[in-house]
Each structure stands twice: as structure tokens, then as C-alpha cells.
Amino acid sequence: MDFDLIHKSLVLAQEKAKQLNRHVLSVTRLSIDSPNILDLLEKNKERSDINLWLGNSGHSLIGFGIAHELIAKGINRFSLISDAWKALISDAITTGNGRPIAIGGFRFDIHQCHSELWKDFPDAVLTIPSILIYSNLTKANDLIISDLVTPQSNIENRLIELKKFWTQINLKKPSTPLQSTVKCNLQDETSIKENWSNLVHQALDDIRQQKLTKVVIARSIHLKTDQPISLSTVINKLRSNNPKACIFAFSRHHSYFVGATPEILFSAKSGYFQTMALAGTAPRGNTPEEDYVLGSKLLRSIKDVTEHALVVNTIKDTLTSLCSDIHMDDNPSLHKLPNVQHLITNFKGQIKSNKNILDIISQLHPTPAVGGIPSKTAMSFLRDHEKIDRGWYAGPVGWIDSDGNGEFMVALRSGLFKDKQATLFAGCGIVAGSECESEFQETHLKFTTMINAIKN
Ligand SMILES: C=C(O[C@H]1C=CC=C(C(=O)O)[C@@H]1O)C(=O)O
């Protein structure tokens, strides 16, 4: 590793920090030989400062440590984070063609009661890892070393610390696979079903009274294992079981939030964007014939097509003021995943030059694929009736770079892990015509993404 280049960047950052009398981010990019991200994860699985992204469009990131963390609370969390990010990157010193990259996530709803379960996950966080390995399909692998330098920093010490940190992360460690067996907790099925049925009926009542057109309700399940659940085992299984999904993991303090989501909230590359409406679900068939029948039925289901169209129209309306040259699929098609198939409508186009990805996700979130219509009424319905703390489930998670590129996904098919416990989340859209039992089964299928990653 070229430590001279890192040293140079730290020195320049300190000169600037002294001039400005505030901290300055130093970022150095070095090329490294094909590091295996999953291998690095395995070696460091016990760490509590890992940010991982295995994107479905080829971008992979793994970050260790924290050079700097932007944290925001409350109603203006998106704009606070966006302003802090802009200020940070405008001062940053970059060497070796480096560019700052941050990774993080946002809570689904800041007004929902904040429970103890999510205490390690603030309303909004963007982390600039000390060491970040970034790779994509076309470019070589980058090792990005970042540090926050103040006028008082001891540069020589910082360099020694960074060297030590890299050695520690890269150290060969014998892997000790954990044998976990999943046991469901004692919560009995009847009470779960009863709560679910009350929630669905309440939602249908509000729909009948025209207070709501759609609301996406969710439930959680708690699992206990006989050994701590290994992050790398879960990630490896998610990765191999869900080739079309984006796999993410955020470990903070003693918990980690992990998922394999199919849903892009907004992704940006060189001024162009991609997003999607994903709503309307059917099971997969056991045979190709059965699968075809289920898929065809979904494409013709008035209830599902309506549920989907509500998402399409809202996304289209929101994008109009933020993007130009918008192209969208004429009709929904099927997005087939291992356990379920969804209706999908893809969008692409250009981002208006004065908009950045964080401004845009603040407008898009929550789409009616996770909230509802009207959005405010649906959110207040969820606060009053859902009785779970969604935390980061169904919130935006992703990464961003200083050139305005990035990807944010909706954190679905996900769970929060702590020691020997996991809390998994799944939801589904309720519209006129939704049925309690089939919606329950749909959430059950959605849980299996995570359950299959935990089970032996
Ligand atoms: C809310 C979830 O899924 C959303 C995304 C796709 C299909 C959905 C549906 O058909 O209800 C949901 O809107 C979830 O997976 O927890």
C-alpha cells in the first residue's frame, strides 16, 4: 500500500484545516488486487463498524471503521444530512484520484415511537468509512482510505493508526463456522394472526370510509438461535439465494441490520437515474407451469394492478419536478424472486442538474410501496395501528459519492440481529379487495428470504 500518498493527503488536509479552522476530510484512493469482499467480511465478522453493499447492478462496497459520521435527527434529517455532506465534500482533500464515498440509511418514519430495539440506529446516518473497498463491473478495485483531519491532528500518529488498521483488517484469521439452529420464540401463532387480522380489518375499514386508498402494513417476527448469528454466514446465504437482490448490512455497536432487497428507490450514475415501482405480489409456483399461471393471474389481477398503479403514478408525479427525459415501461411486467413474484414498472431518465440523490430520495420516500395513499394519512394510520417499530425497515439505505453517483434501495426483506436474536420484518399493501389470510401468507413468504439465510 502506498502510504506516502496517504501521508501527502493528510498533510494537505491539515494545511487546509488550519486555514479554515475546521476539520477537513482526507481521501486517498489506491488500486488493489481483486480483494474478495466476502473473504474480508469473514475475517472481520466480529467487528461492529462494518458497512456492506453488494449491489445488484455490480457496485460492491465494504467499509471498516469510521473516518467520519454524519448523523441527523428529526423532520429535516434528509436536508441536514445533504447539507453536511455537501459541506464535507467541498472542503475534502483527495489524492490518487480518490473521491469521498459515504454509506448509510434512514429510519422509515421519524414520528413512529422509537423503541429500544433500534437504539443503535439513528434517524439518519451517512458513514465515511476509514477503509473502504469499492468495486464495480468495469473498474479496477479501489481501496479508499479516509481520515478526518483537524488543525491539531498528529499526522504521523494518524498514519501509523491507519497502517495498523489496514493490517488488522487484512490479517488471515482461521474461520470458525458457527452452527446456528433457529428456534421460533414462544409467541403463539393465534395471537400473531389475531393482531394481523385486526390490523387488516382496520385498514379495510379506513379504505371503505375513503380515508385511505392504500396502506402498506407490516409485522415482525422474533427468532432465537442457540449461538450468535454470524454476519458473514447470513450474507453468504443471502448472496447465493438471491442473485437479483441488493444485499446490505450495517453493523452498529452490538446490532446489525441486514437484508436482500429487490426494490430500487433511486440510483444515479453520471446524471442519469433508474428507479422502479414494485408492488403487487404472488407466490412462485412449484413447477414452471404453475409459476406461469400464478404470474399470469398476477398480471391480470385488478386488485394487484390497481395496487401497483398507485405506486407508479405517485413515483411518476414526484419525478416530474426532479428529473427530465423520463422513460417508463408501458405496462407492468413480472419480477421473479426465489419466493415471490412482483409487478414491476421501471423508470429511467436524466436528473435535473440542481438536484442531488439525497434531495430526491427525501421526496420519493415513503413511496406507496411501503407507506400508502394519501401518504400522510397512511403514515399516521401506521403510527396508530401497526404496533411495531419499523426502525430502518422499509427506509432508504444506500451509498453516495462526491460526483453525485449512488444507489438507494428500500430496506425490505430484512432483519435486525443482536446476539442470539433476530427481528425480521415484512409487509404488504392493503387496498380494496385485499384478503386477510392471503396477505398473511404473503408476509410469510417475504420472511423466508431472511429465514433461509439464518437456518442451517
Ligand atoms: C413491504 C414489502 O414489500 C413491498 C414491495 C413489493 C411488493 C409489495 C406488495 O405487493 O405488497 C410491497 O409493497 C415487504 O417486502 O416488506
Side-chain angles (χ1 to χ4, degrees), residues 108-109 196 199-200 203-204 207 212-221 238 242 244-246 248 257-265 275-284 294-295 297-299 301-315 332-346 364-373 375 378-379 381-382 386 388 390-397 409-416 423-436 438-452:
F108 174 74
D109 176 16
W196 180 255
L199 187 57
V200 175
L204 287 172
I207 290 168
L212 286 169
T213 305
K214 171 178 181 179
V215 62
V216 182
I217 54 173
R219 63 187 183 100
S220 62
I221 54 171
L238 285 177
N242 303 280
K244 284 191 192 168
C246 166
F248 60 84
F257 179 51
V258 181
T261 177
E263 187 171 344
I264 300 178
L265 182 59
T275 182
M276 59 171 60
L278 195 76
T281 306
R284 296 295 309 267
L294 288 166
K297 229 171 106 187
L298 178 62
L299 284 165
S301 150
I302 294 176
K303 180 228 140 207
D304 288 285
V305 170
T306 310
E307 182 183 334
H308 182 79
L310 293 169
V311 183
V312 172
N313 293 338
T314 307
I315 292 180
S333 55
L334 294 174
H335 190 59
K336 291 188 183 268
L337 300 166
N339 315 308
V340 289
Q341 41 192 326
H342 294 303
L343 294 177
I344 187 171
T345 299
N346 294 291
L364 283 170
H365 174 76
T367 73
V370 285
I373 292 179
S375 185
M379 294 298 272
F381 176 93
L382 297 177
E386 205 170 55
I388 57 167
R390 289 194 182 194
W392 280 25
Y393 157 71
V397 290
M409 305 286 291
V410 184
L412 303 176
R413 320 294 141 85
S414 53
L416 182 69
T423 307
L424 312 182
F425 299 86
C428 54
I430 304 295
V431 291
S434 293
E435 283 165 10
C436 190
S438 63
E439 301 298 340
F440 188 83
Q441 290 311 325
E442 183 177 318
T443 51
H444 179 75
L445 286 175
K446 288 171 173 170
F447 282 129
T448 53
T449 307
M450 290 306 298
I451 292 175
N452 289 346

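For ligands, and for the atoms within them, numbers begin at 1 and follow the listed sequence.
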Lys/Arg-Asp/Glu bridge criterion (N-O < 4.0 Å) met for K303, E439: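 Result for this pair is yes, salt bridge flagged.
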Can any side-chain N or O of T306 pair as donor or acceptor with the backbone N or O of I302 at less than 3.5 Å?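 It does hold such a pair.
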Counting from 1, what ligand 1 atoms have a heavy atom of [X] closer than 4.0 Å?
{"X": "E263", "result": "5 (C)"}
{"X": "A426", "result": "16 (O)"}
{"X": "H342", "result": "6 (C), 7 (C)"}
{"X": "C428", "result": "11 (O)"}

Side chain, backbone, both or neither: L412 near ligand 1, heavy atoms under 4.0 Å: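 Side chain only.
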Which pair of non-hydrogen atoms, one from L445 and one from P283, has the smallest distance, and what is that distance?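 Where L445 meets P283 most closely, the heavy atoms are CD1-CB, 3.6 Å.
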Could you tell me which non-hydrogen atom of P338 sits nearest to which non-hydrogen atom of N242, and how far apart they are?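 The answer is CG-OD1, 3.7 Å.
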With a 4.0 Å cut-off on heavy atoms, does A218 reach ligand 1?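 A218: no contact with ligand 1 (<4.0 Å).
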Assess E307 for proximity to ligand 1: is some non-hydrogen atom of it under 4.0 Å away?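 It does, in that a heavy atom of E307 comes within the 4.0 Å cut-off of ligand 1.
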F425 N/O to ligand 1 N/O under 3.5 Å: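 No; every N/O pair is 3.5 Å or more apart.
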Just distances here: any N/O of G280 and N/O of ligand 1 closer than 3.5 Å?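 Looking only at distances, the answer is yes, because the N/O contact criterion of under 3.5 Å is met.
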Would you mind checking which non-hydrogen protein atom is closest to [atom], with the distance to 0.1 Å?
{"atom": "atom 11 (O) of ligand 1", "value": "G429 N, 2.8 Å"}
{"atom": "atom 8 (C) of ligand 1", "value": "K446 NZ, 3.3 Å"}
{"atom": "atom 2 (C) of ligand 1", "value": "G427 O, 3.4 Å"}
{"atom": "atom 16 (O) of ligand 1", "value": "Y393 OH, 2.5 Å"}
{"atom": "atom 13 (O) of ligand 1", "value": "A369 O, 2.6 Å"}

Which option out of [options] puts a heavy atom nearest to [atom]?
{"atom": "atom 3 (O) of ligand 1", "options": "R413, R219, E442", "answer": "R413"}
{"atom": "atom 7 (C) of ligand 1", "options": "I217, V410, T281", "answer": "T281"}
{"atom": "atom 6 (C) of ligand 1", "options": "L343, T261, L278", "answer": "L278"}

Is the count of non-hydrogen atoms from other residues, nucleotides or ligands lying under 6.0 Å from E435 atom CD greater than 12?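 Counting other residues, nucleotides and ligands, CD of E435 stays at 12 neighbours or fewer.
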Take atom NZ in K244; do more than 12 heavy atoms of anything else shown fall under 6.0 Å from it?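 Check passes, neighbour count above 12.
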How would you list, by chain and number, every residue that makes a ring-ring contact (aromatic ring centres under 6.0 Å, His included) with F257, sequence neighbours excluded?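 By the ring-ring contact (aromatic ring centres under 6.0 Å, His included) rule, F257 matches W118, F248.
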Pairwise distance NE2(H444) to CD1(I221) - rounded to 0.5 angstrom: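 It comes to 8.0 Å.
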Hey, could you give me the CG/CG distance between L412 and L265, rounded to the nearest 0.5 Å?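 Between L412 CG and L265 CG, I get 10.0 Å after rounding to 0.5 Å.
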With a distance cut-off below 6.0 Å to the six-membered ring centre and an angular limit of 45° from the axis, does R219 pair with F447 as a cation-pi contact?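 No, R219 does not sit over the ring of F447.
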Could you tell me whether the side chain of H342 reaches within less than 4.5 Å of the side chain of L337, counting heavy atoms only?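 Yes, their side chains come closer than 4.5 Å.
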